[in-house]
Amino acid sequence: MADVTLTFPDGNARAYPAGITPAEVAEGISKSLSKKAISATVNGAHWDLQWPIDADASIAINTLQDAGPALELVRHDLAHIMARAVQDLWPNVKVTIGPVIANGWYYDFDRAEPFTPEDLGAIEKKMKEIINLRDPVRTEIWERDRAIAHYEANNEPYKVELIAAIPGSEPLRMYWHGDWQDLCRGPHLQHTGQVPADAFKLMSVAGAYWRGDSNRPMLQRIYGVAFQNRDQLKAHLTMLEEAALRDHRKLGREMDLFHMQEEAPGQIFWHPNGWTIYTELQDYMRRKQRADGYVEVNTPQVVSRVLWEKSGHWDNYQEHMFIVEVDEEHAREKSVNALKPMNCPCHVQVFNQGLKSYRDLPLRMAEFGSCNRYEPSGALHGIMRVRGFTQDDAHIFCTDAQIEAETKKFIEFLAGIYADLGFTDWRIKLSTRPEKRIGTDESWDQTEHALGNACKAAGYAYEISEGEGAFYGPKLEFVLTDAIGRDWQCGTLQVDPNLPERLDATFIGADGAKARPVMLHRAVLGSFERFIGILIESHAGKLPFWLAPRQVVVAAIVSDADDYVHEVVALLKAAGIRAEADTRNEKINYKVREHSVGKVPVILACGGREVEERSVTVRRLGMKQTATQTLEAIVADLAKEARAPDLL
RNA sequence: GCCGGUCUAGCUCAGCUGGUAGAGCGCCUGAUUUGUAAUCAGGAUGUCGGGGGUUCGAGUCCCUCGACCGGCACCA
C-alpha cells in the first residue's frame, strides 16, 4: 500500500500507510495524546479520528483544550446524546435534526405530548448517565438503500426524508453512540465520556417547523448550551442573567419610558421620559438629514385602496395592512382605505407632482413616516417589533448610474450616526436575488455589484444573504444586536426599479426624453421604536447625557436648602438642561439610590455648605466619588454636555 | 399565524390536593432635618387577564377568548 506524508504543526513530516486514521497517528505519538484526542484538523478540515487519510496532508490532533474543535464536537455530541436520552426515555419519539448553534445546540423531535420543564430535568439526568457510560463512538458509511430501509423499519420518516435530500454523490455516514444510531456527517468524539458532564444545560423547549416550513408539521425543539468546562457554563449563565437586566421592556417600566396594553397590541404609549428620548433622537436625525442633502416631506396616513392597487401592495401585502372602511354619511359607496404600511407610494406621488429634470436627481426625499403593519401576533416583541411605528424613511430618486455613489454616501452617513449613538458593533448584510423576482439577470448583476462596491468603497465588509433580496431588487441590511445577542435589522437600503415603473415616475433626461428613475428605499435607524429599544439595551438604560430623559436631579440634603435647590434647577433649565428638584423629606442616601436606579446621569446634592458657598456636590451615575463645583461651573459644564453630538 | 408557557395590589412575587387573598417595595399619613445606593411608625391597596361552565363553594378544576414571554414561520 502506498504511503502518505503527514505534516505536523511543528513542521515535522512523517510517512504513514495510506488509509491511516488520526486515531492511529495519535497513538503512534503517545498514549496520553491518544487518550486526550478528540478530533484532527486535516488540511484545515475538521476530521474525525476514525476517518482514514488517503493523501498527503497537514494534520493536527485536537484535544478538549482546543476551543474551536472542542466546542463544536462537545456540542455536536451532546445533540446526539440528548436525542439518545430522549429516545431512551420515550422510545416512540421520532428524531429529526440537531445542529450546533451559537453557544450550544438544539435537536428537533416529533412527539405527541409536549416536553415539560420536568422532562428537561429528566433528560439532563439521562444524558449524564450516558456520558458516564463512556460509550465508544463509531462510524460507518452506508449504502442509501440500506439506510432508507433501516429508517423505514425503525419508523423514522424524517430521517428517510433527510436521506432523500442528500445528493447521491455524497456518502451517507452513520454514527453510533453505544447502541444508539444516527445519520450524521460527523465528526464526533471518541467516546461519550469526553463530554464534560458539568458544562452543559438544557435551556428551553420551543416549537419549530419541520424543515423550516410553516406548512409542515411542528416539531418540538430542545435547546441546550455547552462549554469546555463548568466555569465557562456558569459565566454564560451569569451573562444571560445580566442581559435580562438590560431588557428594554424591563428598563422601559423602571425608567417610566413607555407602556403597552391589551387594547392596542403592538403599539406604544410613550410616557414623557420615553418621548423625550424619541424627540431628541428625531431632532438629531432631522438636523443630520438636512445637512446631508435631504428634503423632508409628510404624507397621509389613510390612503385609498386605489393607490395600493397601483403600487401592488393590495395584491402582495394586504394581509399585513390595517384596512379602514369609511362609510361617509352622504356617500353611496363605502371607500376602502388602508393605513399606510410604508411611505414609498406616497413619496412617488410627491415626486410625480410637476415635471422633474435629470438636474433634480438624485432627489433625496425624507419623512418620519408613521406606518402601521398588521404583524403576526407571534412576531411582536416589546417595542422592537410592533404594529405602529415611525421610520426615519427616505427615498432617493436617482439614475442607475447614481446608485453606487448614493449608496456609498448613505453608508457613510449611517456609519457616522451609529458612531454618534455609541454603536461600533454593527454588520452589513447584502441580500441578493431571490428565486421569485422580476427584472433581468443583467440588471441584478449590476445592482448587486453596485451595492457591494459601495460597501467596499466606504470601507465596510459585508456578508451575503443569499436569495434574501426583495423581489424587485437587492438590499443592504444594517444589523445591530440586542442584549441577549438577537439580531435586528435597523438600517436598510433597497434598490427598487419596480415602484417607479408601477406608479409611473419619470424625469426628463439630458436628451430631452422621458426616463424612469430608480428608487433607493433607505433608513438609518429603521424605526424609532426598534432603534430606541436597541439603544436602551446597549446602554443598559444609561443613555448618553444628551439623550437621557432626566438629565439632572438636584437633591436637597436638608430642607433649609430647598429654596437654593429650586434656584439651581431654574438655572439649569434656563441653560436647556432637563433638571428637576428632589426636596422630599428623605435622606440623601435614599435619593441617591432612587435616582441611580432610575439611571439619572447627574445628581447634584445641596446641603448647608453648598447653600453657603453657592456650589453643588456632583455625583455621576456609576461613580462613587463626588466633587463640589461652583454653580456657574456646573451649569456651563452640563450645558456643554447636553449638546447632541452633531452640535459639538 | 404555529408550538409551549405565563397572566394574583402600581412593581416583584407567595397562595399545598377547591373553603372565600398575602409579603416586600412603592403609595398615603405622621415623626425625623438627614452628607452620597433603602430612617422609623401607622394606613389603604385587588372585578385573582375577560367571558362561560362544573360545584354548596373556584385564584385553584374544565371550556373559550385575549394579551404577554420563549422559539418557529413571517419581516414589502
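In what follows, chains carry the letters A, B, and so on, assigned in the order in which the sequence lines appear, proteins first and then strands, with residues in each chain numbered from 1.
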Contact nearer the 5' end of RNA chain B, comparing A:M218 with A:D247: A:M218

Sugar-phosphate, base or nothing in reach of A:R486, heavy atoms under 4.0 Å: sugar-phosphate

Under 4.0 angstrom between A:H381 side-chain N/O and B:C75 OP1 or OP2: no

Presence of salt bridge, A:E594 and A:R584, under 4.0 angstrom: yes

A:K475 vs B:A76: side-chain N/O to OP1/OP2 distance below 4.0 Å: yes

Mutual orientation of the aromatic rings belonging to A:Y418 and A:F531 [parallel < 30°, tilted 30-60°, perpendicular > 60°]: tilted

Distance below 4.0 Å between A:S559 side-chain N/O and B:U33 OP1 or OP2: no

Sugar-phosphate, base or nothing in reach of A:Q625, heavy atoms under 4.0 Å: nothing

Sugar-phosphate only, base, or nothing, as touched by A:P114 at under 4.0 Å among non-hydrogen atoms: sugar-phosphate

Touch class at under 4.0 angstrom, heavy-atom based, for A:Y223 against every strand present: sugar-phosphate

Sugar-phosphate only, base, or nothing, as touched by A:R619 at under 4.0 Å among non-hydrogen atoms: base

Watson-Crick or G-U wobble partner of B:U54, both distances under 3.5 Å: none

Pair of N/O donor and acceptor under 3.5 Å linking B:C75 base with A:R530 side chain: no

Any A:R249 side-chain nitrogen or oxygen under 4.0 Å from OP1 or OP2 of B:G70: yes

Pairing partner of B:G1 (Watson-Crick or G-U wobble, both distances under 3.5 Å): B:C72

Watson-Crick or G-U wobble mate for B:C7, both contacts under 3.5 Å: B:G66

Distance-only donor-acceptor test, A:R211 side-chain atoms vs B:A73 base atoms, 3.5 Å: no

Under-3.5 Å donor-acceptor pair between A:E610 side chain and B:G35 base: yes

Whole-Å distance separating the OH atom of A:Y590 from the P atom of B:A38: 11 Å

Sugar-phosphate only, base, or nothing, as touched by A:G212 at under 4.0 Å among non-hydrogen atoms: sugar-phosphate

Sugar-phosphate only, base, or nothing, as touched by A:A208 at under 4.0 Å among non-hydrogen atoms: sugar-phosphate

Base-pairing assignment for B:U39 (Watson-Crick or G-U wobble, both under 3.5 Å): B:A31

Presence of donor-acceptor pair under 3.5 Å, side chain of A:T626 and base of B:G35: no

Candidate nucleotides B:A73, B:G35, B:G71, ranked by approach to the side chain of A:R221 - the nearest: B:G71

Who pairs with B:U45 - Watson-Crick or G-U, where each distance is under 3.5 Å: none

Residue matched to B:A14 through Watson-Crick or wobble contacts both under 3.5 angstrom: none

Touch class at under 4.0 angstrom, heavy-atom based, for A:T617 against every strand present: base

Lys NZ or Arg CZ of A:R364 over A:F397 ring: under 6.0 Å, within 45°: no

Below 4.0 Å: OP1/OP2 of B:A37 and any side-chain N or O of A:K591: no

Of the listed nucleotides B:G70, B:G35, B:U12, the one nearest the side chain of A:R253: B:U12

Pair of N/O donor and acceptor under 3.5 Å linking B:G1 base with A:Y374 side chain: no

Sugar-phosphate only, base, or nothing, as touched by A:N316 at under 4.0 Å among non-hydrogen atoms: base

Touch class at under 4.0 angstrom, heavy-atom based, for A:H595 against every strand present: nothing

Aromatic plane relationship, A:W488 with A:H381 - under 30° parallel, 30 to 60° tilted, over 60° perpendicular: tilted

